[in-house]
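Presented below is the structure to which this report refers.
Chain letters run A, B, ... following the sequence lines, proteins first and then strands; every chain starts at 1. The structure presented is a predicted model; accordingly, all values stated were derived computationally and were not measured.
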2 protein chains.
Amino acid sequence: MNIGEIELSDRKKIILKAVVDAHINIGEPVGSKYLAEITRLSCSSATIRNEMAELEELGYLEQPHTSAGRIPSDLGYRFYVDSLLQNYNLTEQEIDKINLLLRAKLSELDKILQLATKLASLLTNYTGIAVKPKAAIVSISRFEVLYLDRRSFVLVMLTTTGIVRTKTFRLGFDIQQEEAALLSTVLNDCIANLPPDRITLPLIVEMEHRLGHNRRLVDPVIKCIYESLSDLDEGELRVEGFNRLLQYPEYSDINRLRDLFDLLEQKEDIFNIISGAKRDNVNVCIGSESDVDIMSNSTLVFKMVKNKERVVGAIGVLGPSRMDYSRVITMIDQLATGICDILSSEDVLMSGQ
Amino acid sequence: MNIGEIELSDRKKIILKAVVDAHINIGEPVGSKYLAEITRLSCSSATIRNEMAELEELGYLEQPHTSAGRIPSDLGYRFYVDSLLQNYNLTEQEIDKINLLLRAKLSELDKILQLATKLASLLTNYTGIAVKPKAAIVSISRFEVLYLDRRSFVLVMLTTTGIVRTKTFRLGFDIQQEEAALLSTVLNDCIANLPPDRITLPLIVEMEHRLGHNRRLVDPVIKCIYESLSDLDEGELRVEGFNRLLQYPEYSDINRLRDLFDLLEQKEDIFNIISGAKRDNVNVCIGSESDVDIMSNSTLVFKMVKNKERVVGAIGVLGPSRMDYSRVITMIDQLATGICDILSSEDVLMSGQ
DNA sequence: ATTAGCACTCGAGATGCTCAAGTGCTAACT
DNA sequence: AGTTAGCACTTGAGCATCTCGAGTGCTAAT
């Protein structure tokens, strides 16, 4: 990203990696003496001091104050994630837990994401998040009216995206089974497959005309359709295990905690970060790499969830920048691909037996 | 509750009320001198000191340490809520905000509760909560199969409680419209109105028999029915505005905060408190009045939401025991009765126009 | 019964001290 | 030229100490 970034000597890389690793484990600034002990570089603390000073100049390390050790900067974490990361091997237990989810083969995307979010939080010990994006323009492809009794019916709406919505109507007057059927026919004739902005007054008038004395049904039904459609294209952000963050010293400051909480409750920023993701693989947004300044000191790791090339959501983890990256990245990767597999295998759901 | 509780002198009541009021506003222990100034009792701080000492002996007040003022004990708050509370008059704005909700006339209980929870939190500046109780034993009163195309259909399930569930099935083999219709008939014949524990193997075998070569549909459909039913009788706890609590000094301790968060995430305890409520009106559970010890220093104010005598949920607020009771109680009352009104007026929903 | 007065208690906050960790720099060494 | 030992320096954490103010309880006078 910078001119100074031409190449890092092998020793610098080893030291940088050691600093990040140590800081991830210990949570405190790491000093030269400690490094000299744990690294296999046979050189003295003084040498390491020199190297660290240079790494700081290059922007990879920071010093909280003069007499403390060094901690990685965002750039340092970035380099670590991009170049220094070792593969993490999931333990049997971890694989088991993920498989448990996969085997459950839950029915709806919602449910899967919910469980996956919990799992993400549980396995990584950070906060799990899941996102369902705003739907593209949705319309209702088919209406169905189920006649319950002379004073109530259920309106079933099948959307173009495959989601089904229902609404029960209770009436202050009587209605016949044939009239309910007529309502369904008229709805299908007039406004099936129309996006909300093309449901115009003339259409509504026509519907009222065709429904005769049941014209009074039109208004509430249309209102309900609008509601359902606008519901559907709202994005959704699910958060699980926020309290896990409370155990990390970086969030022992109430204000930071509060900011982060606001970030999650307000949703917009997270949506932006996730929808701005470039990579098809696991994305890592470290600290202030996003424009969201509240994110400083925090990192978001996530991966898109796709169903046959269509992005249907994302799943990830939010935690301190001092995060066990290799573990978390592997975990999210596994989880996301697992979900994708379930989704794309849905076709075969019943062909097996 | 105790022998000493025969009766409090008027002056004691005034002092107790003044202590609670002051502590609610200031958030700190209140001393005798301060009280002597603000109360209209023309008596000196020494007298007040004597009275306070007695109130402490009776259990209504507490002293954090010798040289601090007094704070109300749980019992003190309880007496305040039961006997000393003045009516709070909602401001125009507050009434407007509530009316806005009422006018929205949202379609589903879920949506109403969601909005109401947000509103509760917003208006009171504490954490809003809503509860949907575990449903009584639910069964599915009617099945409907909507044929989509030769490889998919939607199963619509109407439950005895009026809730509708749907599930889309995608098949690995072809199916005819008549076969789908048959599935619906068979389901209605065999297992409609049966609680889950009475769906027995013989019934399933019978269904498979009647469905002929589509017998392979039975297994996934039954599985889906089980899932839907067990989903439905899960209680639900909705929480909004937890971060508002972060502004109160009683929650500046990370551990307390964390305990409270766990309480909300784990749900069971809250369910118990709410389902153990005696009063039909607004309930106030102060601090350790419940058996849940995490609740010490916190108070839950809530009211049941009913639809024609059937309890369909509850809405309330969680905050520090030092809570603006008169305001909060009025607020929750207004909100809950408002929701009840919407629910019971649903009948007339369409008879108007 | 009330109240003025006073001795007493206790925590919050300020101050100053030591200590350990860690640095940067210089000079010596390979 | 790169490495290292050594040393002076910096700084925050932790701790003891002190003061100050708020508030109490008690006693004696009203």
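Both B:Glu51 and A:Gly69 lie close to DNA chain C; mapped to their nearest nucleotides by heavy-atom distance, the more 5′-ward contact belongs to B:Glu51.
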Polar pairs (N or O, both sides) under 3.5 Å between protein and nucleotides 10-18 of chain C?
| residue | atom | partner | partner atom | Å |
| --- | --- | --- | --- | --- |
| C:dC10 | O2 | B:Ser67 | OG | 2.9 |

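Looking at residues two or more places apart in sequence or on another chain, you find no side chain to side chain donor-acceptor pair (under 3.5 Å) involving A:Glu268. In this structure, the side chain to side chain donor-acceptor pair (under 3.5 Å) partners of A:Asp21, at least two apart in sequence or on a different chain, are A:Lys17, A:Tyr80.
Between A:Arg78 and A:Asp82, at least one side-chain N (NZ, or NE/NH1/NH2) sits under 4.0 Å from a carboxylate O, which counts as a salt bridge.
One finds no side-chain N or O of B:Arg49 lying less than 4.0 angstrom from the OP1 or OP2 phosphate oxygen of D:dT27. Distances shorter than 4.0 Å separate none of the side-chain N or O atoms of A:Arg70 from OP1 or OP2 on C:dG22.
Annotation: ring-ring contact (aromatic ring centres under 6.0 Å, His included) contacts involving residues 253-272 of chain B, sequence neighbours excluded, comprise A:Phe242-B:Phe261, B:Phe242-B:Phe261. Residue pairs meeting the salt bridge (charged side-chain N to carboxylate O under 4.0 Å, His left out) criterion with at least one partner in residues 57-73 of chain B, sequence neighbours excluded, are B:Glu56-B:Arg70.
Rounding to the nearest 0.5 Å gives a distance of 11.5 Å between CZ of B:Arg258 and CG of A:Leu257. Note that the OG1 atom of A:Thr117 and the CD1 atom of A:Ile315 stand 4.5 Å from one another [nearest 0.5 Å].
A:Glu56 has its CD atom 7 Å from the P atom of C:dG24, to the nearest Å. Spacing between atom CD of A:Glu54 and atom C1' of C:dC25 amounts to 15 Å, rounded to whole angstrom units. Straight-line distance from the CG atom of A:Asn50 to the C1' atom of C:dG24: 9 Å, rounded to whole Å. Distance CD (A:Gln63) to P (C:dG22): 11 Å, rounded to an integer number of Å. Separating the CZ atom of B:Arg11 from the P atom of C:dT3 is a distance of 8 Å, rounded to the nearest angstrom. Across the protein-nucleic acid pair, A:Met52 atom CE and D:dT3 atom P stand 15 Å apart, rounded to whole Å. Rounded to whole angstrom, the span from the CD1 atom of A:Ile48 across to the C1' atom of C:dT23 amounts to 14 Å. Going from atom CD1 of B:Ile71 over to atom P of D:dT24 covers 13 Å, rounded to whole Å.
The stretch residues 28-46 of chain A comes close to DNA chain C through A:Gly31, A:Ser32, each having a heavy atom under 4.0 Å from the strand.
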Requested in this report: Report the C-alpha separation of A:Glu250 and A:Arg256 in whole Å, then their side-chain angles, then the decisive distance to 0.1 Å, and conclude whether the salt bridge (Lys or Arg N to Asp or Glu O under 4.0 Å) test is met.
Outcome: CA-CA 8 Å; A:Glu250 21 281 86; A:Arg256 169 172 302 286; over 6 Å; no

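Atom NZ of A:Lys13 sits in a crowded spot, with more than 12 heavy atoms from other residues, nucleotides or ligands closer than 6.0 Å.
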